[in-house]
Amino acid sequence: MKGLIYKELFLGKKTYIGFLAVALGLALLGILVGLGIRYGNIQDLEAEEVTSFFQMFVYFTYGILLFTIGEDFFSIERDKVKGWRKLEYTMPVTAKKQMAARYLTAGIVLIGCFVLGLVNAGAMALMFRRTLTATMFKNMVIILLITMVLFLVGMPQYQGFSFNAVTFIYTAIMLVVGMLFTIGFCMEEGILWEIYNYVWKNAGRFFDGFLYLSPLIMPVLFAVSFFLSVKAYQRREK
């Protein structure tokens with residue numbers, strides 16, 4: 001099991017380093033902006049504007065870090081192309097062990113991203129002289145849980161079908177939903193506007209409810225996702 005996890009982490013190191021470099025660059029930009037607000041030529045910003053900059057650098061950097069979870073999906077496609085299954089036949093590796101290694105790798109990456117996100121938030125709070133509030137911490141946890149849901153839903157799909165096909169379908173869905181919400185926002189009337197307005201007004205309530213129910217939702221979702229991933233992996237053996 002450890003060897004499989006090391007394999008995933010080692011082969012994905014370029015992706016991890018790339019996203020870490022981007023996140024570090026954004027964090028350094030945040031430090032420069034913070035210094036500019038404290039000592040430079042942008043000291044005249046209103047308190048609300050400073051807070052907005054602070055939150056932007058916290059959430060954007062955190063989001064970039066969480067994007068590294070996509071390496072697990074790239075790894076699936078890379079193994080298909082390289083014929084990893086043929087090599088795996090010579091090892092005492094079952095489908096459950098292979099899937100467990102992927103899920104554990106994703107867990108390690110997500111925990112690392114959350115910790116780095118908190119470190120960045122602390123650094124931004126120091127530079128912008130703002131406090132990392134309980135609400136911001138809660139939002140970071142919710143974002144982490146949403147990322148986990150996307151991973152758990154996507155893993156069986158990427159395991160069973162081609163990377164390009166699944167990515168195309170998910171991208172198309174996001175574009176269609178985004179277009180509908182944009183139209184609803186611009187129209188300011190009609191059914192699309194009512195849906196947009198309802199979602200916008202109740203988004204916070206929905207995410208809070210999801211957070212409170214996550215101890216029940218996440219284990220069930222994980223069990224279903226893992227079961228379907230193992231089945232999809234086993235079908236590839238035939």
Side-chain angles (χ1 to χ4, degrees), residues 5 8-9 11-12 15-16 18-20 22-23 26 58-80 98-118 120-121 136-182 199-200 202-233:
I5 295 175
E8 298 296 331
L9 293 174
L11 293 179
T15 301
Y16 300 139
F19 277 108
L20 284 174
V22 175
L26 188 58
V58 168
Y59 291 132
F60 277 16
T61 305
Y62 184 49
I64 290 173
L65 288 170
L66 289 175
F67 266 117
T68 57
I69 194 64
E71 167 57 27
D72 241 26
F73 299 141
F74 286 112
S75 177
I76 293 172
E77 186 65 15
R78 187 167 54 237
D79 283 355
K80 291 178 182 178
Q98 178 63 63
M99 287 301 99
R102 293 197 188 280
Y103 281 79
L104 286 173
T105 301
I108 292 171
V109 171
L110 286 176
I111 292 173
C113 291
F114 183 68
V115 171
L116 289 175
L118 288 177
N120 174 70
M136 291 185 67
F137 180 81
K138 180 187 72 174
N139 290 340
M140 292 180 70
V141 173
I142 291 174
I143 294 171
L144 178 68
L145 291 173
I146 292 173
T147 305
M148 291 174 63
V149 169
L150 294 175
F151 170 82
L152 293 174
V153 171
M155 178 58 82
Q157 309 303 319
Y158 279 101
Q159 193 61 61
F161 303 97
S162 73
F163 178 86
N164 291 334
V166 178
T167 301
F168 173 80
I169 292 173
Y170 284 154
T171 303
I173 292 173
M174 288 189 292
L175 287 175
V176 170
V177 173
M179 181 180 65
L180 292 176
F181 271 86
T182 301
V199 172
W200 181 257
N202 293 277
R205 187 182 307 172
F206 170 78
F207 288 126
D208 286 344
F210 170 66
L211 175 63
Y212 300 139
L213 293 175
S214 60
L216 298 176
I217 296 174
M218 297 307 294
V220 174
L221 184 59
F222 171 80
V224 173
S225 175
F226 185 79
F227 174 79
L228 293 177
S229 293
V230 170
K231 290 299 181 182
Y233 197 76

Engineer: Compare every heavy atom of Q159 with every heavy atom of S229, then report the nearest pair and how far apart it is.
Structural biologist: O-CG, 3.7 Å
Engineer: What's the shortest heavy-atom distance between L9 and Y16, and which atoms?
Structural biologist: O-CE1, 3.7 Å
Engineer: Could you walk me through whether M218 and V149 pass the side-chain contact (heavy atoms from CB on, under 4.5 Å) test, one step at a time?
Structural biologist: CA-CA 8 Å; M218 297 307 294; V149 169; 3.9 Å; yes
Engineer: Please round to the nearest 0.5 Å and tell me the distance separating atom CG of L221 and atom CG of L145.
Structural biologist: 11.0 Å
Engineer: What distance separates I69 CD1 from E71 CD, expressed to the nearest 0.5 Å?
Structural biologist: 9.5 Å
Engineer: Kindly write out the residues that satisfy side-chain hydrogen bond (donor to acceptor under 3.5 Å, both in side chains) with N139, not counting sequence neighbours, or none if the list is empty.
Structural biologist: Y59
Engineer: Given I169, which partner from the list V166, T171, I173 fulfils the side-chain contact (heavy atoms from CB on, under 4.5 Å) test?
Structural biologist: I173
Engineer: Once the angle between the rings of Y103 and F222 is folded into 0 to 90°, is it parallel (under 30°), tilted (30 to 60°) or perpendicular (over 60°)?
Structural biologist: perpendicular
Engineer: More than 12 heavy atoms of other residues, nucleotides or ligands under 6.0 Å from CZ of F226: yes or no?
Structural biologist: yes
Engineer: If I take atom CG from residue D208 and atom CG from residue L213, how far apart are they, to the nearest 0.5 angstrom?
Structural biologist: 11.0 Å
Engineer: For F60, I'd like to know if atom CZ has over 12 heavy atoms of other residues, nucleotides or ligands within 6.0 Å.
Structural biologist: no
Engineer: Does the side-chain contact (heavy atoms from CB on, under 4.5 Å) test come out yes or no for L144 and L66, once each step is laid out?
Structural biologist: CA-CA 8 Å; L144 178 68; L66 289 175; 4.0 Å; yes
Engineer: Which heavy atom of Q157 sits nearest to which heavy atom of Y170, and what is that distance?
Structural biologist: CG-OH, 3.1 Å
Engineer: For the residue pair Y62 and C113, what are the closest heavy atoms and their distance?
Structural biologist: CE1-O, 3.9 Å
Engineer: Do the side-chain N and O atoms of Y158 and T167 include a donor-acceptor pair separated by under 3.5 angstrom?
Structural biologist: yes
Engineer: Looking at T147 and I143, would you say the former's side chain and the latter's main chain have a donor-acceptor pair under 3.5 Å?
Structural biologist: yes
Engineer: With side-chain contact (heavy atoms from CB on, under 4.5 Å) as the criterion, how do M136 and V58 come out once you've worked through the C-alpha distance, each side chain's angles and the decisive distance to 0.1 Å?
Structural biologist: CA-CA 9 Å; M136 291 185 67; V58 168; 3.9 Å; yes
Engineer: Any idea which heavy atoms bring S214 and P219 closest together, and the distance?
Structural biologist: O-CD, 3.7 Å
Engineer: Using the side-chain contact (heavy atoms from CB on, under 4.5 Å) rule, pick out the option among I64, T61, L26 that qualifies with N120.
Structural biologist: T61
Engineer: Kindly give the heavy-atom pair with the smallest separation between D72 and R102, and that separation in Å.
Structural biologist: OD2-O, 2.8 Å
